[in-house]
Amino acid sequence: MKPFLLFLTVLISLQVESQNLTDTVSQSSTANSQNLTANIDFRTAVRLMLENNNAIKAAEKNTELARRQSQLINASWFPTITMTGTYAMMSNKISVNQEYAPLLDPLKEKYADDFLVPNVLNFISNELGDLSFDVPVIDDDFGSIDLEVIYPLFTGVKRIYANKLAKDNESLSEIAKESIGATKYLELANIYFSLSLNESMIKVLNESHDMTKHHYSQAVKMENIGMFDKAERLIVKVALDESDRNLKSAENQNEVLKNALYTIIGLRDNKSTSQQVSQQVNKTNDNRQNISTSTSLFLNEQYPSLDWFKDMMRKNSYVYKQSELHNDISKNTLRMSRSNYFPVISVFGKQTIASYHVPNNLIPNTVGGINLAWDIFDGLARERNIQMTKIESEIISETQQNLKNELEVAVDEWHANLKQAVVNAKDLQSSLDLAEEVYKIRKKSFAEGLCTSQQVLDALNLLNKTKLLLLTTYFEYDIALANLC
């Protein structure tokens with residue numbers, strides 16, 4: 001199972017979202033803004049990322065490239081058929097010089113027993129002397145169109161292992177594509193739930209700002225009636241300004257996270273996706289959709305055991321799958337290197353389709369045969385290549401084992417974070433109940449003039465800090481779960 005599908009399965013099975021999930025982008029209006037907001041749930045964000053993310057698209061192209069390369073290797077099992085055309089011109093014709101006298105030798109042998117003929121032939125031969133003539137062989141321009149066929153019968157099993165390596169590389173590219181998808185999924189989970197955390201923090205900071213503002217208005221009234229001095233009011237004013245700065249800082253961070261979410265799910269560059277979203281919501285003033293998360297932070301005390309996560313990791317981890325493929329690739333590469341000691345045997349044939357000024361008695365139209373090529377000595381290059389392949393295989397094996405060990409340690413760490421987040425959430429929930437009660441008491445006491453502004457602000461700060469810590473704990477739980485899945 002792919003990691004994001006596993007994570008979504010666990011997420012849905014927990015059923016702890018504070019907001020309902022939707023499969024499509026929906027409209028929602030807020031009380032504080034007139035701009036329409038596109039609420040996007042985590043499943044929809046994953047779907048958009050898989051459809052539009054450039055890194056995932058590039059990984060898909062790499063997979064297609066590996067598939068084409070595998071098909072290219074298969075071509076070595078078929079014969080090579082080549083048609084060639086040649087036309088040449090020379091400075092002079094090719095000819096053979098022939099003397100006349102030797103041409104009479106066959107007649108001399110035939111009439112050797114005759115009384116008169118040999119004498120006549122000898123007389124003619126003597127008279128001819130060194131006279132000769134040129135016999136044309138090839139004209140000064142010639143050409144031909146030939147069809148050549150070459151088929152390797154035996155290549156020292158290179159083709160067999162080359163095909164196996166191509167298949168392994170194709171499978172490796174598939175795993176690499178899924179690995180990139182998993183990496184992007186973790187990046188998306190971190191961005192999405194960071195945005196969800198920041199939105200929740202903005203709500204808390206808004207509430208805190210409103211509380212501080214209300215407390216400041218009370219302090220102003222008490223100063224006016226003489227119950228507080230100016231210093232007490234200024235303490236509250238400083239706290240109000242600090243609350244305003246924290247809120248604006250969180251809002252700025254929210255914009256950064258939204259831009260990161262736009263990018264990873266493809267809304268920044270993909271026009272078609274943006275048009276789909278714009279059908280659901282109207283565009284804002286900056287000509288972009290104002291995205292908000294609809295899958296809230298979640299935490300559940302019931303989660304799978306460490307052994308369950310480790311078993312799932314060993315079955316589905318890309319590190320383990322890549323390790324198996326790398327081992328197979330190393331073995332096939334070593335076998336392919338050893339096959340260089342074998343000869344290469346191939347059959348060939350040539351057929352002249354058309355010719356010009358090429359005499360058939362000198363160059364035949366049809367030629368066929370068997371070719372054998374065998375490297376007897378190559379300066380020990382083959383042996384060194386085998387040794388290098390063995391070393392590379394050992395390096396890959398050690399690297400993969402190290403990655404497995406690191407993954408085992410990482411699973412232990414993430415599960416410990418998961419476990420600790422549940423413990424922290426319980427403690428922080430108790431602290432939150434106490435902080436809320438303390439703030440209520442201090443607020444009531446302040447209205448009756450029984451405590452100072454600083455005491456009220458301290459209680460409010462403790463309440464806000466506890467809320468933010470609880471939200472952060474939920475975020476740490478979600479990220480740990482995403483890494484484990």
Side-chain angles (χ1 to χ4, degrees), residues 1-11 14 46 55-56 58-59 62-63 66 164-165 167-191 193-194 264 299-300 302-337 386-424 472-473 475-485:
M1 182 182 291
K2 295 181 179 180
F4 48 83
L5 296 179
L6 178 61
F7 176 67
L8 289 175
T9 303
V10 175
L11 185 150
L14 292 175
V46 170
I56 295 177
N62 285 332
T63 302
K164 289 183 178 180
L165 286 172
K167 290 294 183 183
D168 288 339
N169 286 326
E170 184 179 346
S171 300
L172 200 61
S173 67
E174 289 282 354
I175 295 175
K177 181 187 73 172
E178 295 181 1
S179 179
I180 291 174
T183 302
K184 287 298 176 181
Y185 143 77
L186 289 176
E187 185 179 342
L188 173 63
N190 188 71
I191 293 173
F193 287 106
S194 293
I264 196 169
L299 184 144
N300 194 295
Q302 304 297 326
Y303 53 86
S305 65
L306 177 61
D307 291 336
W308 185 87
F309 280 117
K310 284 193 173 183
D311 184 59
M312 291 298 296
M313 179 264 295
R314 295 186 185 102
K315 290 179 179 178
N316 302 298
S317 172
Y318 302 116
V319 173
Y320 278 80
K321 292 180 180 179
Q322 288 174 341
S323 178
E324 294 175 358
L325 278 174
H326 279 302
N327 288 335
D328 195 32
I329 289 174
S330 298
K331 293 177 181 178
N332 288 330
T333 303
L334 181 60
R335 291 166 183 164
M336 192 171 179
S337 298
I386 292 174
Q387 292 173 357
M388 290 171 59
T389 303
K390 288 181 179 179
I391 294 173
E392 290 173 356
S393 177
E394 292 173 359
I395 292 173
I396 292 173
S397 177
E398 294 297 333
T399 302
Q400 293 297 319
Q401 186 59 45
N402 181 60
L403 290 175
K404 290 180 181 179
N405 295 336
E406 290 179 352
L407 189 57
E408 292 277 349
V409 174
V411 170
D412 290 335
E413 182 179 354
W414 291 329
H415 193 271
N417 292 341
L418 201 70
K419 187 176 181 179
Q420 188 62 42
V422 173
V423 175
N424 293 342
T472 304
T473 300
F475 172 76
E476 291 173 351
Y477 177 95
D478 298 342
I479 297 302
L481 183 60
N483 279 279
L484 284 170
C485 293

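Along the sequence shown, residues carry numbers from 1. Because the structure is a prediction, the values reported are computed rather than measured.
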Trainee: What closest approach, in Å, do Ile386 and Ser337 show between heavy atoms, and which atom pair accounts for it?
Mentor: CG1-CB, 3.8 Å
Trainee: Using atom types as modelled and distance alone, determine if a side-chain donor or acceptor of Asp311 lies under 3.5 Å from a backbone N or O of Asp307.
Mentor: no
Trainee: Taking only residues two or more places apart in sequence or in another chain, which ones pass side-chain hydrogen bond (donor to acceptor under 3.5 Å, both in side chains) with Ser323?
Mentor: Lys404
Trainee: Got a sec, which residues hit side-chain hydrogen bond (donor to acceptor under 3.5 Å, both in side chains) with Lys177, two or more places apart in sequence or on another chain?
Mentor: none
Trainee: Please give me the minimum heavy-atom distance between Ala59 and Ile180, naming the atom from each residue.
Mentor: CB-CD1, 3.7 Å
Trainee: Going by the rule side-chain hydrogen bond (donor to acceptor under 3.5 Å, both in side chains), which residues pair with Asn405 if we only count those two or more places apart in sequence or in a different chain?
Mentor: Gln401
Trainee: What are the two closest non-hydrogen atoms of Pro304 and Phe309, and how far apart are they?
Mentor: O-CE1, 3.5 Å
Trainee: For Lys164, what residues pass the side-chain hydrogen bond (donor to acceptor under 3.5 Å, both in side chains) criterion, not counting sequence neighbours?
Mentor: none
Trainee: Excluding sequence neighbours, so at least two apart, what forms salt bridge (Lys or Arg N to Asp or Glu O under 4.0 Å) with Glu408?
Mentor: Lys310, Arg314
Trainee: Over all heavy atoms of both residues, which pair between Leu484 and Val411 is shortest? Give the atoms and the distance, please.
Mentor: CD2-O, 3.7 Å
Trainee: Is there a donor-acceptor pair closer than 3.5 Å between any side-chain N or O of Thr183 and the backbone N or O of Ser179?
Mentor: yes
Trainee: Mind running side chain to side chain donor-acceptor pair (under 3.5 Å) on Asn402 and Glu398 for me, showing each step along the way?
Mentor: CA-CA 6 Å; Asn402 181 60; Glu398 294 297 333; over 6 Å; no
Trainee: Please report the closest heavy-atom contact between Leu186 and Ala482, naming both atoms and the distance.
Mentor: CD2-O, 3.5 Å
Trainee: Testing the basics here: between Gln322 and Ile175, what is the closest heavy-atom pair and its distance to 0.1 Å?
Mentor: CG-CG2, 3.6 Å
Trainee: Given 3.5 Å as the limit, does a donor-acceptor pair link the side chain of Ser330 with the main chain of His326, or not?
Mentor: yes
Trainee: Could you measure the distance from the CG atom of Leu481 to the CG atom of Leu299? Nearest 0.5 Å is fine.
Mentor: 9.5 Å
Trainee: So, using side chain to side chain contact (heavy atoms under 4.5 Å, CB included) as the criterion, who are the partners of Glu394 when residues are at least two apart?
Mentor: none
Trainee: Are any side-chain N or O atoms of His415 and backbone N or O atoms of Leu306, one a donor and one an acceptor, separated by less than 3.5 Å?
Mentor: yes
